[in-house]
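The residues of the chain are indexed from 1 along the displayed sequence. Hydrogens, waters and symmetry mates are skipped; everything else that's a heavy atom, side chains included, is used. In each ligand, atom 1 is the first atom listed, and ligand 1 is the first ligand listed. Remember, predicted model here, so these are calculated numbers, not experimental data.
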Amino acid sequence: MIGRLNHVAIAVKDLSAAIATYRDVLGADVSAPLPQPDHGVTVVFINLPNTKIELLEPLGEHSPIAKFLERNSDGGIHHICYEVDDVRAARDHLLAGGARVLGDGEPRIGAHGKPVIFLHPKDFNGTLVELEQV
Ligand code: CO
């Protein structure tokens, strides 16, 4: 069901410092920061030959990554995103198998303008999983 790894998202407290690390230390191709108020994050995309890394910094008072950064003060891997052909079919398959979909279960438009759902970390080895329809 799942296809390519679309991205790995890393939550950071200080986006400028994280950008400098990826650009200057790791020599990566780093995009300009993109504020996404609807998602409560500012995002930077790091394009690698085979996938993307997204650095997420909290934006606004109700950022969905604020609690994560309280627990992980150095930042850390927040979620991984796999591609699927049909996000609703994937959701129905997962629900039938007992997995938990976060929120009301309806796909939302994600950071790339495509429908996404998130799956409960407890059902996937402690990792928050995003499925993105491509
Ligand atoms: Co994501």
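Counting heavy atoms from C-beta on, the side chains of Tyr22 and Ile10 come closer than 4.5 Å. A heavy-atom distance below 4.5 Å is found between the side chains of Arg4 and Glu83.
Relative orientation of the Phe45 and His112 rings is tilted, given thresholds of 30° and 60° on the angle between their planes.
His7 and Glu130 form a side-chain donor-acceptor contact under 3.5 Å, judged by distance and modelled atom types alone.
At least one donor-acceptor pair under 3.5 Å links the side chain of Asp123 to the backbone N or O of Arg100.
Of all heavy-atom pairs between Ala28 and Ile46, the closest is CB-CG2, 3.7 Å.
Of all protein N, O or S atoms, those under 2.8 Å from the Co ion (ligand 1) number 3.
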